[in-house]
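Here the structure comes first, spelled out in structure tokens, and everything after it is commentary.
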Amino acid sequence: MSDLLEVRNLKKYFPIKGGFFRHTVGHLKAVDDVSFSIPKGHTFGLVGESGCGKSTLGRAILRLHEPTGGEIHLDGTDISRLNSRELVAHRREMQIIFQDPYASLSPRRTVMQTLLEPMEIHGIGNPASRKEKVLELLDIVGMRPNVLHRYPHEFSGGQRQRIGIARALTLDPKFIVADEAVSALDVSVQSQVLNLIARLQRELGISFLFISHDLAVVQHISHEIGVMYLGKLVEVASSTDLYRKPLHPYTKALLSAIPVPDPDSKTRRTILQGDVPSPLNPPSGCPFRTRCPEAMDICARSMPALKTVGEGNNGLPHQVACHLY
Amino acid sequence: MTQPLLSVKDLVIEFSTQRGIVRAIDGVSFDIMPGETLGLVGESGCGKSVTSLAILGLIPSPPGRIISGSIRLDGRELVGLPESEYRHIRGKEISMIFQEPMTALNPVFTIATQMTDVIMRHQGMTRKQARERAIEMLSLVGIPSPGKRIDEYPHQMSGGMRQRVMIAMALSCNPKLLLADEPTTALDVTTQAQVLEQMVKLQDEFDTSVVLVTHDLGVVAQTCSRAVVMYAGRVAEQAPIHPLFNHPQHPYTEGLLKSIPRIREQKLDELPTIPGTVPDLLHLPSGCRFVDRCYRADDACHQREPDLQWHNDQAVACFHPVGEAS
Amino acid sequence: MNTLTDDIPGKKESESLWGKAWYKFRRDRIGMVSLGVVIFFMIIALGVWAGLWGQNWSGIEGPMWAPPSAEHWAGTNIIGQDIFERAIYSTKTAFEVGMVVAILSTILGGLLGALAGYFTNTWVDELILWLMGVLDSIPFYLFVAAIAYSLQGYAYSMHVAMIATFWTTTARLVRGEVIKLKNFEFVEAARAIGLPQRLIIFRHITPNTFHILLVQATIVFVGAIKSEVILSFLGLGVVDGVSWGLMIAESTQEVQAGHYSNFITASVFLFILVMAFNMFSDSLQDALDPKKVSA
Amino acid sequence: MEMLQYALRKFITGIPLIIGVTLISFLLMVYFGPDKTYELVGKNPTPEQIQEVRHQLGYDQPFVTRYLEYLKELVTFDFGYSDSTGERVNSILARTVPISLALIIPGFVLGNLLGIALALIAAYHRGRWWDKFIMGGSVVGMSVSFLIVIIAFQVIFSSNDGLGWFPVRGWNVYDFWDYLRYVTVPTLATVFVALGYNTRFYRAVIVEEMGRDHVRTAKAFGTPPGELLFKHILKNAMIPIITRIMFSIPLVVISGSLLLESYFGIPGVGLVTYDAITTGDQPILKAVVGITAVLFVVVLILNDIFYKLVDPRVSLK
Amino acid sequence: TDGPDTTGMKIYRHSLNGSPSSLDPAQSATLYANHVVVNVYDTLYAYKYLARPYQIKPNLAVALPEVSDDGLTYTIRIKQGVEFIDDPAFPDGKGREVTAADFVYSLKRHFDPKTRSQGSWFWAGRIKGMDAWKKAGSDYDKDVEGLKALDRYTIQIILNKPFPQLIHTLTQGYAAIVPREAVEYYGREFSVHPVGSGPFKLQRFDSVGVVLVRNPNYRKEPIDLAFEGYDEAIHGKYGIKEIDGKIPPLVDRLEIHFIKQSLSRWNSFTKGDEIQYAGIPKELLDDVLAQKQPEIILKPEYAKKYFMTSGYENGFVHTDFNMRDPEIGYNDDPQREKMNHALRCAIRYAYNWDDRNKKFYNEMGFIFPGIIPPVVPEYDPDASRETLRHDPEKARQLLQQAGWTADKLPTLTYGGVASVDSRQMFEQFRGWLMKIGYPREKVVFDSYASFGDFNRAVKKAKIKIVGMGWGLDYPDAENTLQLFYGPNGSPGSNNANFDDPEYNRLYEKTSVMQQSPERTRLYRRMNQIVLDSCVTISGLSRQQIFLWHKDVVSFPDQSIVGGFHLKFVDVKEAQK
Ligand SMILES: Nc1ncnc2c1ncn2[C@@H]1O[C@H](COP(=O)(O)OP(=O)(O)OP(=O)(O)O)[C@@H](O)[C@H]1O
Ligand SMILES: Nc1ncnc2c1ncn2[C@@H]1O[C@H](COP(=O)(O)OP(=O)(O)OP(=O)(O)O)[C@@H](O)[C@H]1O
Ligand SMILES: [Mg+2]
Ligand SMILES: [Mg+2]
Ligand code: NI
């Protein structure tokens, strides 16, 4: 199975301004040396706490943020080296679905305008064929054609999210970043949208980077899952492995913290102490050591590298960055 | 049988909006026993917050208005209570924690000012005593070095800490009832677990009744003893936690429970869903509010609204509860 | 397997935000009455413009300071011109000043505000902010006077000066709104599909500031009319024709001598229009408030 | 110390603003402003005489030289002599600015205080009768022209045709009682007009603040209405209020109130400025514009520092 | 209250409708400036307080000048022992004696560019050697042949050609005597720090007024009312007699308030003692006066409280055509020049003097043909009034005959300083022109926000029609006739840019003549030339009414020089 997307040592640092002349006095390492790959037709789930750099990673891959360093290979092309004109051409191949169903659609544009725009920009087809494509997309996301001339505010959150998905599909991308695409939805609608995404992926063979803070959601939809903590990937494994045999103490804590909708569930909960450290001055060594129940001396001194510790049931390697292993 | 601490009966609340009169709460009833934790669940917009605000007498008016019904605290009627008297109940007998830890605290005053104001007002302490009490409360909710942090401003704290401050503040006057409106929704799972645990612990300690408003059934399962499931301004089902999760009777509860994504050994190809969306309160279907999305609906459901029917300690508003032959 | 529906709740009223705003506005009684008054004035102005009435504002028709009569409804002024006729003609002047200043300063403010907001933290923003700061700190009268001199005899010098000073407020508002909007995900979505910046700004962002622009335009309109009165009083105002400001300036000496007609007529016209416009502007603001629209 | 450093940095970044204001104003003055020459030549001048006067005024110098000279004057705070009276510009300002301040401050303070008070009342009774009444009044206040108010008030309060309580005009102030007699009518007029705008603005700010979550929290903890309004809401609303007040200060200090001064015959800086504008008295204009620009920058800094005092979230960085 | 320590003082509160900008005598171009300058400085000569027509009397001079037979050499002796006020400008702070050299210095100042003199035109080209002195760099230590101090108290002036009006110029504020020490000590600020030897000294000066206080060292010269021209029939009712023999100045403190708004001024006047002197606002004339013609009479309620005098101004208002503009004045094409002449005359017929007089001058102005106003002896009461006739029919006829049609008519720019009055005057003017078929769009108001800008446009001959007023510097028609003398064209005082060879020749001839019937004949001939050429629509002398409180002993005059009467003003009661 070939990898559609390969991310190598991706970094995204935001400059911190300060001092008398408001020059850059330091960097906020939102994404720090992250590598992973996604095979064609696979979904890679990304979980982690708020502010750990998930969105930044997703956006850096699409070059909506300019990466500070690293390589991004999409279907053989190094996205990170394209100039702006080439980039526009490659935007067809990668798209994004956003979290906020209210903020992600242009409020003063009709569904029709929103869906036609990407094709117009890229000069795909003629007006008639574009229209046809729009209708086809609406059908795929399960909406009737009579919505075409309505404005976003006339739809419910779930419906908007579908329009957002349809927009991402207009250019027939190979790769889509879904950044918390279902987090803002009510549970009953959330599952509808999750089903839709899963179906699209199966039918169209698109690769997804599925970002969420909800492990349960990610586990359901992903083939492989990466756990992020303070800008770094701390564990990568196939979704079944990660749930069955979490290795990193953070992953364990994360899993046990998920409230299970079953009053009889008897899982032992690991309650983490303390708060997420500020990414502005991360702790030395392993970033998790300040909250880690199993921290050792070495953790303060060196940052453990992400290393493969075994192979899961479906041939995917299980990687973890922890001194315990 | 013990008297309920709080008893809500046939509450009806309307909002007048530009588009017309919205009946946000339409005949809601439930009781809370002393020391009990009651979950109030339902999807966005079903009226959870409005209900809890109504208990505190904080429905923004205009546009909101309590049309009818009663809310009794220890037998005392709260609906129609004048502001001047209500003020003495708020914070003292009933406290509230709000969802947004970022905005619920006043950004321009220190934690100390905000907490001591409340304590002084309701406990008649001097500022010094109140401050001591506040520090004690902060340490109870697990804030490290509370003596120092009490003089910080809200923005200097993380979301989880702020929420804990809110809890400390809410419990500082030993209220009989604590209303928690989605207290952890805005927090990360790990923080959420911390805060919830803290809350449960303190509740035991202070023997406070809690109404926990949430849309997360997982949270309910782990913290509540009983739950009320609301749908579009009405109570759909009300039951102790075990029967509710194991034998839901309302098709909505059932659908809700099924569609929650949970970590499963065996991955499902497709998550079960409830088709459709929550109806707009201005354009409710005739009959049962859930009728358009219900797989068990028949003509009767289209014609009449079902009332809440009690079976032992479980109540359901459905003509064809799950488990009955349809 | 597709169990999705697309029932749109509450779509009866109207399709667009503007439609909704209009729907809301229609129910606002004060708003409708004030709009009526504004339209009434506008018709007067159009009539003058089309030559239907108010044409004889400069002719010397009657005696000095004639009292109101059937012939001269509001009497005559010192040189025997018909005051009512002049007040009517001034309505046109007021609308001309108001319209020109409101439209142009709104366009300018909207444009520069959007650019500044979109390009925050770049030199574009710095430059525009600098310009706004500079224009705001030059004393208004110096500005107007200087421009009035520089465009000596040019009928629109007052307009130019007002536009140059009034646009900054609009621009600041728009800039703030654009800063807010550009962090919305739909902007990022537009970037993700490869939309050029120009289109992002003018197709996706600026349309969302139209409500601010509209309200701001009405505020500037009122501001322009009121400034005209003071400028005309100082001799920096309308060059040709007559305006309420000029009439009031003429009348300031007369009032204490008991010739109130000029003063009252011009003041009443001015007051009613400004008042109606203020109320209209308020109602419009309510109707267009996005928070309230989406309720 | 942090404050001082901040102020210094802010001031340095304010320099482009000062340069911009002075450059543009000076350009306007030099190329578009009135020509003082023709005020100074006699009734029957010869071309040579006109040339002489231009030379005396420095009009024959290149623009750059004149502008640099201006900057030097600004830095040394010495603006030379008025082209009209020949008096030192500094002594003119020292004489007139205090009078303008004495004239304006009561109205300014009262207008803002009353505005806030009325706004609080209106916001507290939002949507009810009081609110409608106050807001109606403020629309009326906003709709009347200042000019008309001044004329009307002078007739009503001062002239013998009206009540005749106050002097018609002048500024013969030697003690506090004189001051009250002369300042009352101008103050009433100012307050009348300012109140409309202020009340409206402050009400909007307060209403916005009332809708915030923390206000609801305070209510939920039984905060009495007075404390809610004056402690919780007002302190939070201070930022826009301070901004509004601060930014009107430079204009008040330096531009005075032209209309009031000319109508009430008060020898303030507004009149001096206006005369300088219309007669092209460049030394005075240079001083006024320069000082206004500097004041603006100072206000900008002070404003940020006040923010910091009011709102702990604001950092000066 | 009037400030600290005014109790026991005699205070007179005068008012003016405008303000001076400079108190430097060399810049005392306005009436307002003269009000102050002649009261803080001394001039060699002055006009008698009460005698009308004006008569010159010696002031600082001992007697009238001795003039040589050829009219070129003037010898003037000045009083001894007169001292400047004490001032830090003097080495020991004590005022020193005024000498002949001070006068020489004061006049030379006008020819020093640094002085920015506005009055040098009086003497330019007339004093022997002055131009050369200026060319050589205005060095005060160098002598001027025609202007010398023969000794400490004797001045000698030598002219290039006779200048009969010279003595009049020496009464002006321009000719006031300033000490060199003060000029040099105060530099540019001399204009706000007057140091003179006049009856008063300055205490305060700002844009709303001046405060002068008595100069205690002013020379003690008792008033001789008979010499000043007292006439019981005219002055008796004002109680002036009682000042006879007293020593001026008669008040301790003289306040002059500058109040531009006439109603404000009136309200202040009627209020009580805010000010004690004012005019009547034109809007209120009917309320205040019982009768306007032939004699002006106050209504009893005002007559009870106030004294009043009236008289025609020493000057007149007129409207000039700019002859340098080819569309209305001289033109290379003789045919067009003829048409322009017809056009100007037609406009003059359209002009309605009575209407203007009624609406802007209270029907009290004096309308006369031409440019010799009634206050000068050369005025001709029997001149034809044809050129004053309002006849729209005739105007239309003239236009038609000359071949003018509505679309051919040039656009007329009517210049003025932006003020309500000038605008209304313009609108009235346009109204008249519209009545003779002039399209409204073709009559344009060219408004200027300041006098300086308006003056620039006038001096650059940019405006077609200019409404002007001229205040006589001295009562001699020469002062108005020079307004149409060709070489005085813009930027000089000849705003019409009239340039007629015969007129110019006659002007040059009369300018050196002493008053005589022959000169009067020639003056009238020049007047006729101006009228025939239709270069100006002229003129009207305004009626002036002065009112003052009855507790003030005064006979106000502000027609010539301005303010010279103030040292004779007395008040009955001191401040309590
Ligand atoms: N444009 C930016 N400039 C500076 N810092 C930024 C920027 N965008 C993000 N950051 C910082 O980078 C870090 C990672 O942010 P990011 O939005 O990627 O987190 P996230 O994991 O997506 O969080 P969430 O779950 O809240 O969406 C945060 O600390 C954030 O403050
Ligand atoms: N201020 C208000 N004005 C108008 N309608 C309101 C107002 N507050 C609440 N409502 C109406 O009441 C209904 C219930 O709102 P409520 O806030 O109780 O929902 P909720 O269950 O708390 O939802 P969420 O999970 O989103 O907080 C909403 O549908 C809304 O239309
Ligand atoms: Mg994110
Ligand atoms: Mg809620
Ligand atoms: Ni069970």
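A quick note: this is a predicted structure, and the numbers were derived from the prediction, not measured. Numbers restart at 1 for each chain; the letters A, B, ... are given by sequence-line order, proteins then strands.
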Working to the nearest 0.5 Å, report the span between NZ of K260(E) and OG of S262(D).
9.0 Å

Quickly, which of P113(E), P491(E), S120(E) forms a side-chain contact (heavy atoms from CB on, under 4.5 Å) with Q49(D)? Name it, please.
S120(E)

Which residue pairs pass the salt bridge (Lys or Arg N to Asp or Glu O under 4.0 Å) test with at least one member in residues 486-498 of chain E, sequence neighbours excluded?
none

Report which part of T96(D) has an atom under 4.5 Å of a heavy atom belonging to chain E: side chain, backbone, both, or neither.
neither

Taking every non-hydrogen atom, the tightest pair across R116(E) and Q56(D):
NH2-O, 3.5 Å

Do Y38(D) and K460(E) have side-chain heavy atoms sitting under 4.5 Å apart?
yes

Contact part of S91(D) toward chain E, heavy-atom cut-off under 4.5 Å: side chain, backbone, both or neither?
side chain

Counting only non-hydrogen atoms closer than 4.5 Å, can you tell me which residues of residues 39-46 of chain D sit against chain E?
E39(D), L40(D), V41(D), G42(D), K43(D), N44(D), P45(D), T46(D)

Between S207(E) (side chain) and P267(D) (backbone), is there a donor-acceptor pair under 3.5 Å?
no

Looking at every non-hydrogen atom in both residues, tell me the closest pair between S22(E) and S84(D) and how far apart they are.
CB-O, 3.9 Å

Counting only heavy atoms closer than 4.5 Å, note whether D83(D) contacts chain E via side chain, backbone, both or neither.
both

Which distance, rounded to the nearest 0.5 Å, do you find between the OG of S19(E) and the CG of L271(D)?
8.5 Å

Which region of W470(E), side chain (C-beta onward) or backbone (N, CA, C, O), has a non-hydrogen atom less than 4.5 Å from a non-hydrogen atom of chain D, or is it both or neither?
side chain

Heavy-atom cut-off 4.5 Å, strictly under: side chain, backbone, both or neither for Y186(E) against chain D?
neither

Atom pair CZ (R456(E)) and NZ (K36(D)), whose distance is rounded to the nearest 0.5 Å
13.0 Å

Salt-bridge test for K134(E) and E52(D): reply yes if a basic N is under 4.0 Å from a carboxylate O, no otherwise.
yes

Quick one: are E261(D) and V208(E) in side-chain contact, heavy atoms under 4.5 Å?
no

With a 3.5 Å distance limit and no angle check, can you tell me whether D453(E) reaches the backbone of D35(D) through a side-chain donor-acceptor pair?
yes

Are the side chain of K459(E) and the backbone N or O of P47(D) linked by a donor-acceptor pair below 3.5 Å?
no

Below 4.5 Å from any heavy atom of chain E, which atoms of F264(D) appear? Answer side chain, backbone, both or neither.
neither

Chain E contact via I266(D) - which portion, at a heavy-atom distance below 4.5 Å:
backbone

Which bit of S117(E) is near chain D, if near means a heavy-atom gap under 4.5 Å: side chain, backbone, both or neither?
backbone

